[in-house]
Amino acid sequence: MSEYYNVADVFGENVFNDTVMKERLPKKVYQKLHKTIEDGTELDLETADMIAHEMKEWAIEQGATHYTHWFQPLTGVTAEKHDSFITAPDAEGKVLMSFSGKELIKGEPDASSFPSGGLRATCEARGYTAWDCTSYAFVRHDAAGATLCIPTAFCSYTGEALDQKTPLLRSMQAVSEQSLRLLRLFGNTTSKKVMPSVGAEQEYFLVDRAKYLKRKDLIYTGRTLFGSMPAKGQEMDDHYFGSIRPRIAAFMKDVNKELWKLGVPAKTQHNEVAPAQHEIAPIYETCNLAADHNHLVMEVLKKKANEHGLQCLLHEKPFAGVNGSGKHNNWSLTTDAGINLLDPGDTPHDNLQFLLVLTCIMKAVDNHADLLRESASDVGNDHRLGANEAPPAIISMFLGNQLEDVIEQLVSTGTATRSLEGEVLKTGVDVLPDLMKDATDRNRTSPFAFTGNKFEFRMVGSQDSISQPNVVLNTIVAEAFKDACDILESADDFDKALHDLIKKQATEHQRIIFNGDGYTDAWVEEAARRGLPNIPSMVEAIGALTTDKSIELFEKFNVFTGAELQSRVEILYENYAKEINIEARAMINISSKTLIPAVIKYITSLANSVNAVKTAGGCDCSVQSDLLKESSALLAQTKAALAKLEKVTDAGLVMAEGKERAEYYKDVVKAAMTELRAPIDKLEIIVDKTMWPMPSYGDLLYEV
């Protein structure tokens, strides 16, 4: 019988959440902490000491012996340094368990060993972590025991952001301030804060761990560098939303329980389109909490997979020829009273506040499409974007029939007088109820789609932090709101100014709306006609961060300084070249040490077979001879392609780091990798399976 537990009883049991704080903290301390969270007032050290003491006592009750400042440097993963609660032994050799407010508020990891893009040198090592009190501390149980994890921001000794969280918090503050200005114009005088709300759908693959360990390409790079498609891929669509297999169901059960204990509101789980692909999605949360929780989701997926003899693959394209994995970032703006600024209501055509918000977002996305594209750029996403339900590299907005009709009314006549309504969907079966259709369909090819009361940014890569896309979204929308408020606050006739502004923004930025098929060549041509940027790869996208327009944008809202942006550009170019270099080196290593010897062994066996048949006389050996010729020719192609890849990769290593090197790896090294893969994938189909040294796609995708 499976273990039974009440979700409500276990949810948040490992989290120092508001309920725990209310129970354990003195009333005045609890109120001071909430004032800090709500109003941004500084927390005095005496109050911090009391919070730290109770947090420590609670953590020890959970079994914790150590604490860590848990932060998100520019490595793409989280980082932590563990310290125990013990003090120095006294004269009798005894220790006490202590944790001070200073230790809670500030940590000091080495800042020179993390990516800094030149902001820090080895001789300038000091960096600081600062407690983000808006994201709850939690206790994580793993092989190291129990550890109190304190979510923090990470900055250098000179104050520059060296992490994902610091600019995210800055951008949240910026969009809140500008959203409040907009709300005040419409008579809302009670809201004190507007929070970007995010729900991040996480896609991933699961393969058998024993097979994974036989694939050095998966181990080194997270994706298969070689592999021919099995007889069946995802053509039948039978895996999507299919019955979850028992082994996977047991894994998902453990994942959910672990996440619920950590306060992550995991809600939805299902099979995705590709074989062995799955998805988990949480309930919406405040932006920075959603980012923290998404990191926890990825960590728990990997941890629990290993416990079940599985391997979780978070790469955007672990297998060629089937769906890649993304992280759909569902974004909206919500007041502290729970009012969603993106809720159009039943009649969006006469909801002027919504129409202003909508046209401001149209303006933001149109003006900064290059930044949005960059925010979802990574090496893995270059393999994914543009097919198999992943959006194209061209940024556009899907509004659906209802809102597109409203926008067209505004543009053509200056006034919207109607909204399309949903119709009754008749199933034609008496025992089934008639259903109310939504007023609009969905578009799975759109990068930025309106889905009822939120926008779904579908480009984000499955292994990436959601922080950077939301930094960009928050900041560009803050700018559009600011521009609108600057006009409306100074208007003599507010109603006329509002009407004119909504029409102006709808007209000037209508080009960003596209409700059609984003995969067609016709859309590529149409987008070019409209003047929309088509940025095909990460390397072309990186430069968007340091255009004059982008620097002005981010500095205006104190989200990034010019130096911080330049540092991120350098890190991104460097990381791109490094990742491609690792992939190229892995291909060279696997080809020369594993695959070519296996092919030689196969060819030798064929040659021996041919000779044996000829010696016997009178027998037909044409099949063996044909296979021998074909495999020998492919082996020769493989050897030539391997030599070329070795040469171009060696040349890349001596190039200076930066844009030119990244472009070289994109244009030259990746092309050589493709040349090497082609004959090897053909050989995999020919060579005796018992001689092929790696599990095939079929083994990985179907034998889970």
Side-chain angles (χ1 to χ4, degrees), residues 167 170-188 191 193-196 331-333 335 341-342 344 351-375 395-397 399 403 406-407 410-411 414 416 448 450 455 457 469-513 530-533 544-545 547-562 565:
R170 294 170 180 170
S171 73
M172 290 171 64
Q173 183 172 311
V175 78
S176 178
E177 290 172 354
Q178 301 306 320
S179 297
L180 286 175
R181 288 180 65 191
L182 187 148
L183 289 174
R184 299 291 186 259
L185 290 169
F186 289 89
N188 182 330
S191 293
K193 185 184 296 185
V194 175
M195 295 157 288
W331 177 92
S332 60
L333 292 169
T335 71
L341 272 61
L342 272 68
N351 186 340
L352 295 180
Q353 178 180 298
F354 170 76
L355 291 178
L356 178 61
V357 168
L358 178 64
T359 57
C360 282
I361 294 174
M362 287 172 56
K363 173 183 176 180
V365 174
D366 189 19
N367 285 350
H368 297 289
D370 57 343
L371 276 179
L372 272 177
R373 172 66 179 89
E374 189 285 323
S375 75
I395 296 288
S396 64
M397 289 177 66
L399 295 184
L403 292 184
V406 170
I407 293 297
L410 289 171
V411 172
F448 198 73
F450 188 75
F455 277 100
F457 187 33
N470 287 296
V471 166
V472 171
L473 271 173
N474 295 341
T475 309
I476 65 176
V477 171
E479 180 189 53
F481 284 179
K482 179 184 184 301
D483 292 346
C485 292
D486 287 347
I487 293 170
L488 296 175
E489 287 171 351
S490 60
D492 294 328
D493 185 336
F494 174 79
D495 291 337
K496 182 178 185 305
L498 175 62
H499 173 274
D500 291 347
L501 180 59
I502 290 173
K503 180 181 186 301
K504 180 175 185 290
Q505 292 187 154
T507 303
E508 292 180 354
H509 302 288
Q510 188 182 19
R511 68 172 188 168
I512 200 67
I513 300 172
R530 295 186 187 189
L532 301 179
L545 285 173
T547 63
D548 291 343
K549 182 173 70 172
S550 295
I551 293 173
E552 180 185 0
L553 165 75
F554 287 119
E555 289 191 335
K556 176 166 48 179
F557 294 100
N558 299 313
V559 174
F560 286 117
T561 65
L565 288 168

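All residue numbers in this chain count up from 1 along the given sequence.
- The closest donor-acceptor contact from the side chain of Ser550 to the backbone of Ala544 lies under 3.5 Å.
- Just one residue in the list Asn474, Val471, Val175 forms a side-chain contact (heavy atoms from CB on, under 4.5 Å) with Val559, and that residue is Val471.
- In this structure, Leu371 CG and Thr475 OG1 are separated by 9.0 Å, a value rounded to the nearest 0.5 Å.
- Nearest approach of Met172 to Pro196, heavy atoms of both residues: CG-CG, 3.7 Å.
- Distance check, rounded to the nearest 0.5 Å: OG of Ser176 to CZ of Phe481 gives 11.0 Å.
- The shortest heavy-atom contact between Asp370 and Asn367 is OD1-O, 4.4 Å.
- From Cys485, atom SG reaches atom CG of Leu182 across 4.5 Å, with rounding to the nearest 0.5 Å.
- Atoms CG and CG, from Leu341 and Leu333 in turn, are 5.5 Å apart once rounded to the nearest 0.5 Å.
- Within the 4.5 Å cutoff, the side chain of Leu532 has heavy atoms near those of the Asp366 side chain.
- Here the side chains of Pro344 and Phe450 are in contact, with some heavy-atom distance below 4.5 Å.
- Between the side chains of Arg170 and Gln173, no donor-acceptor pair of N or O atoms lies under 3.5 Å.
- The environment of Asp486 atom CG is dense: over 12 non-hydrogen atoms of other residues, nucleotides or ligands sit within 6.0 angstrom.
- Between the Thr359 side chain and the Leu355 main chain, a donor and an acceptor come within less than 3.5 Å of each other.
- No side-chain heavy atom of Phe557 sits less than 4.5 Å from a side-chain heavy atom of Ile476.
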Check step by step if side-chain contact (heavy atoms from CB on, under 4.5 Å) holds for Leu545 and Phe560.
CA-CA 10 Å; Leu545 285 173; Phe560 286 117; 5.7 Å; no

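- Contact between Phe354 and Leu342 at its shortest, heavy atoms only, is CE1-O, 3.5 Å.
- With a 4.5 Å cut-off on side-chain heavy atoms, Lys363 and Glu508 do not count as touching.
- Phe448 places none of its side-chain heavy atoms less than 4.5 Å from the side chain of Ile512.
- Put simply, CD1 on Ile487 and CD on Gln505 are 7.0 Å apart, with the number rounded to the nearest 0.5 Å.
- Heavy-atom minimum distance, Ala497 versus Leu488: C-CD2, 3.7 Å.
- Side-chain contact between Val477 and Trp331 is present, with at least one heavy-atom pair separated by less than 4.5 Å.
- Heavy atoms only, all atoms of each residue included: Arg530 and Ile513 are closest at NH1-O, 2.6 Å.
- Lys496 places no side-chain N or O within donor-acceptor distance of the main-chain N or O of Ala491, the cut-off being under 3.5 Å.
- Between Leu185 and Leu498 the shortest side-chain heavy-atom distance does not fall below 4.5 Å.
- Closest of all the heavy-atom pairs between His509 and Met362 is O-CE, 3.5 Å.
- The pair Lys504-Asp500 fails the salt-bridge criterion, with no side-chain N (NZ, NE, NH1 or NH2) lying under 4.0 Å from an Asp/Glu carboxylate O.
- Annotation: Glu489, atom CD; neighbour count of heavy atoms from other residues, nucleotides and ligands within 6.0 Å is above 12.
- Distance check: Leu180 CG to Asn188 CG gives 8.0 Å after rounding to the nearest 0.5 Å.
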Does the pair Asn470 and Phe457 meet the rule for a side-chain contact (heavy atoms from CB on, under 4.5 Å), with working shown?
CA-CA 10 Å; Asn470 287 296; Phe457 187 33; over 6 Å; no

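- Counting heavy atoms from C-beta on, the side chains of Leu358 and Ile407 come closer than 4.5 Å.
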